[in-house]
Amino acid sequence: MRPDPLPLTRGQRLSLTAASFLLLAVSTMALGPLISGSGWWWLCAFVAAGTLFGGAGLRAVRVPASLVPVLELVVLLLLLTLLFGGSTSFALIVPTQDTFAHFGELFDGAQRTIQQQSVPAIPVPALGFVLALGVGVLAICTDVLVQTVRMPALAAAPALVPILIPGFIIESGAEVATLVFSAAAYLLLLRIDVRARRRALLAAAERDDETGGTTVIPPTRVPIVSSLGATLGLTAVGILTAAVLTASTPSISSSLLLGSGSPSMSFARGVSPFIDLGRDLRRPDPRPAFHYFARDNDRPYFTVLTLDRFEGAAWGVTERPVDADNTVDALPLPDGLDDEVTATEHPIDIVVDEVRTTWLPLPYPTRQVEGLSGSWFWDAGSLTVRSVDTDTGGQRYRATWLEVDPSPSQLRAAGGRAGEEFDAFLALPDDVPPIIAETAATVAGGAATQYDAAVAIQAFLRSPEFEYSTEAPVEAGYDGGGFEVIARFLQERSGYCVHFASTMAVLAREAGIPSRISVGYTQGTSTQERVDGVQRVEVDSHDLHAWPELYFEGVGWVPFEPTPSRGTVPDYSRPGAGDPAATPPPSSGSASAPPNGRPELDPDRGLADGGGTGGAADSWWLRGGVALLLVAGVLLAPAALRAGQRASRHRRIARGDGPADAAWDELVATARDLGFRVETNSTPRAIARGIADREGFVGESGDEARQALAALRDAVERERYGPAPERPGAGADRPGGRGEGSPEASDERVRALAIACAALAEGESLPARWRATLMPRSLIERVRPTFGERPPVDA
């Protein structure tokens with residue numbers, strides 16, 4: 001990195017830093033179509049501001065230019081620790097070894113959320129961490145280009161990074177408004193750099209004139225059209241390039257980066273989705289999935305995800321963007337449930353053992369989930385719960401389950417649909433094999449109500465005509481859940497839960513009943529262990545299952561159990577339920593299932609390896625408060641430093657340590673804070689002459705102020721240019737003499753300083769006084785002022 005041959009003042013560098021921040025903040029807005037809300041942008045803006053202005057502060061205290069980027073990385077690390085380190089950090093800002101481990105977990109979580117979310121993505125903590133880290137790195141790159149190597153035109157490169165990203169995710173690419181505003185910010189940066197270089201060049205010429213050197217420079221006023229035209233041309237090229245790239249880059253959102261939520265990812269590494277369920281069932285050894293503690297002898301099924309539409313000829317999950325408002329602290333009532341139906345809430349404590357999936361095992365319907373780590377959201381309609389940045393590994397949570405207990409009479413009186421929104425749950429392809437429609441007509445065609453049709457279909461599939469087997473579909477080559485598979489299953493009449501569930505759901509649609517399929521676990525096996533009087537229930541890979549749910553208006557989605565010897569047949573779905581005179585027909589499939597919900601010699605197997613813990617929940621309110629305090633501290637830091645400087649000079653006056661010089665320095669600093677440009681090589685008499693022209697020193701009302709100014713001027717001249725005292729205390733009888741430190745002289749000098757400073761502020765507007773207090777220029781000015789200041793007080 002070569003040094004800049006034309007050094008800039010602190011004010012000029014601060015202007016370039018502000019322009020760099022504006023460019024980066026505006027270009028980051030290009031990510032808006034990809035991420036929901038605006039909180040993520042404020043987070044990125046905070047990190048960018050802290051990094052860039054931290055670098056400006058480092059340069060203000062004359063840190064070597066080569067060390068500034070390194071120290072900016074340290075500033076970025078501290079900011080990330082403050083925002084994301086949580087309890088792993090020391091004093092909320094100093095990282096520890098645990099902090100870096102937590103950062104690794106956030107980075108892994110970001111990879112998962114990029115794979116699992118569709119646009120617009122929810123800015124969960126893991127995603128926010130990656131965004132903040134990326135913007136911080138771009139801020140450092142921009143600062144190096146603008147401030148260190150002094151090539152601000154290249155700042156377009158880091159600014160183009162967030163602008164180009166949307167072109168890889170969505171077809172429309174970055175919004176036009178963002179491109180225009182980014183170009184305007186880039187133009188502003190170039191204009192400020194041109195002005196800064198011009199002033200530095202003129203300053204160098206003045207210094208050469210003073211030393212007798214010769215410098216050839218262009219005219220003092222460069223034609224505006226020349227520099228502005230070049231800048232506009234360069235900016236136009238940048239806009240055109242970005243627009244072409246964002247428009248022509250093919251979108252890959254369906255396969256990379258933010259993903260599409262396709263069913264192939266529904267179970268992540270924990271359970272294969274639907275068509276692959278059989279492979280998991282046929283694994284030889286059971287593995288623990290989770291265990292739970294349920295009061296009142298509750299034994300619900302646990303839904304992991306719901307398949308409700310056809311992808312070609314196979315069942316799939318409806319792709320819906322995750323809604324950030326759908327947090328699991330409160331889930332809505334299920335669709336279609338009326339007050340007349342009995343529904344009671346039951347708490348269930350669930351501990352995940354080894355199953356690892358991005359979908360949460362929950363009884364349907366659940367009203368609330370507490371104690372989860374990571375970010376979890378419920379899906380409208382199905383009320384399934386999924387994560388966008390973690391998985392179920394190691395989770396411990398409490399679910400409040402709503403047990404719905406409809407009566408057969410309520411189901412018989414209910415309608416099958418509530419409106420056009422349920423048409424999707426009746427949809428079937430045009431080329432359905434004839435055997436499916438024929439079977440539906442034979443089994444349910446004579447049913448009086450849709451409820452009776454559903455009971456008839458379930459009884460048909462659980463009859464002795466059907467056999468449970470995980471091997472037969474594989475050996476005969478019809479494994480899966482498509483229509484051809486269902487047709488073959490109705491012929492062979494042998495299969496496992498996938499075939500029974502998908503067949504009943506399709507037959508129900510043929511009969512005009514909205515249907516869908518739930519995939520998850522049956523009740524599990526009770527153990528002898530009790531915790532606080534509550535029995536522990538184990539759920540393992542033998543309990544992996546699929547079952548249909550049918551919709552009845554007024555009751556909602558109602559589960560059925562068509563798989564022989566699996567799970568528990570609900571009382572309301574048994575033939576003759578609600579009719580005391582009716583007796584269910586004998587059927588091997590209607591026999592009670594064993595207590596663990598599995599048939600004898602049940603070959604169901606399946607669970608992939610997995611395990612892990614989610615990231616710890618962050619105390620956002622605490623970090624937010626600390627962030628606000630930090631911002632306030634940064635904003636008030638100049639005022640605090642200035643107040644400390646003022647107090648230090650008053651102490652020097654009180655103890656007689658160069659009192660006149662201290663008082664004069666404070667007067668000059670006050671003048672600079674109020675916007676008066678004072679050259680450092682001006683004599684006290686020249687400075688006083690310029691100050692005396694101000695409003696507070698003019699006229700009869702300014703007599704006292706002029707006397708105070710003259711006293712301070714004479715005192716500093718005697719102290720600086722007069723003879724040194726021959727002994728300690730010498731000259732104490734001379735007002736303002738060197739070494740003078742009597743209490744009376746100190747009080748008089750403090751009084752004169754107060755009068756002169758008050759006169760300086762007289763006539764200044766309130767904003768100017770606030771600016772002088774909060775942004776004191778005397779702290780950053782060395783030789784030359786920033787743009788737009790008052791004429792200098794020359795000698």
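The chain is numbered in sequence order, starting from 1. Only heavy atoms go into these numbers, but all of them, side chains included; no hydrogens, no water, no symmetry mates.
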Q | Shortest non-hydrogen contact between Leu712 and Ala756, atoms and distance | A | CD1-CB, 4.1 Å

Q: For Leu31 and Trp40, work out which heavy atoms get closest and say how close.
A: CB-CH2, 3.6 Å

Q | Test item: Tyr186 side-chain N/O and Ala153 main-chain N/O as donor-acceptor pair under 3.5 Å | A | yes

Q: Please confirm whether the backbone N or O of Ser20 pairs with a side-chain atom of Thr142, one donor and one acceptor, at under 3.5 Å?
A: no

**Q.** Glu666 vs Arg642, salt bridge (charged side-chain N to carboxylate O under 4.0 Å, His left out): CA-CA, chis, key distance, verdict
**A.** CA-CA 10 Å; Glu666 179 59 28; Arg642 183 69 180 87; 2.9 Å; yes

(Q) Please check this pair: side chain of Asp657 against backbone of Arg652, looking for a donor-acceptor N/O pair closer than 3.5 Å. (A) no

Q: Keeping the roles fixed (side chain from Arg649, backbone from Ala662), state whether a donor-acceptor pair exists under 3.5 Å.
A: no

Q. Is there a donor-acceptor contact under 3.5 Å from the side chain of Glu719 to the main chain of Asp661?
A. yes

**Q.** Residues Arg751 and Glu704 bridged, charged N to O under 4.0 Å
**A.** yes

Q. Is a donor on one side and an acceptor on the other found under 3.5 Å between the side chain of Arg720 and the backbone of Ala660?
A. no

Q: Provide the closest heavy-atom pair for Ala48 versus Leu24 in the form atom of the first, atom of the second, distance.
A: CB-CD2, 4.0 Å

Q: To the nearest 0.5 Å, tell me how far Leu138 CG sits from Thr28 OG1.
A: 7.0 Å

Q.
Check whether Asp673 reaches the backbone of Arg777 with its side chain - one donor and one acceptor, N or O, closer than 3.5 Å.
A. yes

(Q) With a 6.0 Å cut-off on the ring centroids, do Phe129 and Phe103 count as close? (A) yes

Q. Is it true that a side-chain atom of Trp41 and a backbone atom of Ala25 form a donor plus acceptor pair closer than 3.5 Å?
A. yes

Q) Is His102 reaching over with its side chain to a backbone N or O of Phe84, donor-acceptor style, under 3.5 angstrom? A) yes

Q: Nearest 0.5 Å please: distance from the CD1 atom of Ile35 over to the SG atom of Cys44.
A: 7.0 Å

Q. Below 4.0 angstrom, N of the basic side chain to O of the carboxylate: do Asp193 and Arg150 qualify?
A. yes

Q.
Pairing donors with acceptors under 3.5 angstrom, does anything connect the side chains of Thr683 and Arg713?
A. no

Q.
If we count only N and O atoms by modelled type, under 3.5 Å, do the side chains of Gln147 and Arg13 hold a donor and an acceptor together?
A. yes

Q: Examine the side chains of Thr99 and Thr96 and answer whether a donor and an acceptor come within less than 3.5 Å of each other.
A: yes

Q. Between Ala19 and Leu189, what is the shortest heavy-atom contact and its length?
A. CB-CD1, 3.7 Å

Q. Could you walk me through whether Asp143 and Arg59 pass the salt bridge (charged side-chain N to carboxylate O under 4.0 Å, His left out) check?
A. CA-CA 11 Å; Asp143 190 68; Arg59 290 186 177 89; 2.9 Å; yes

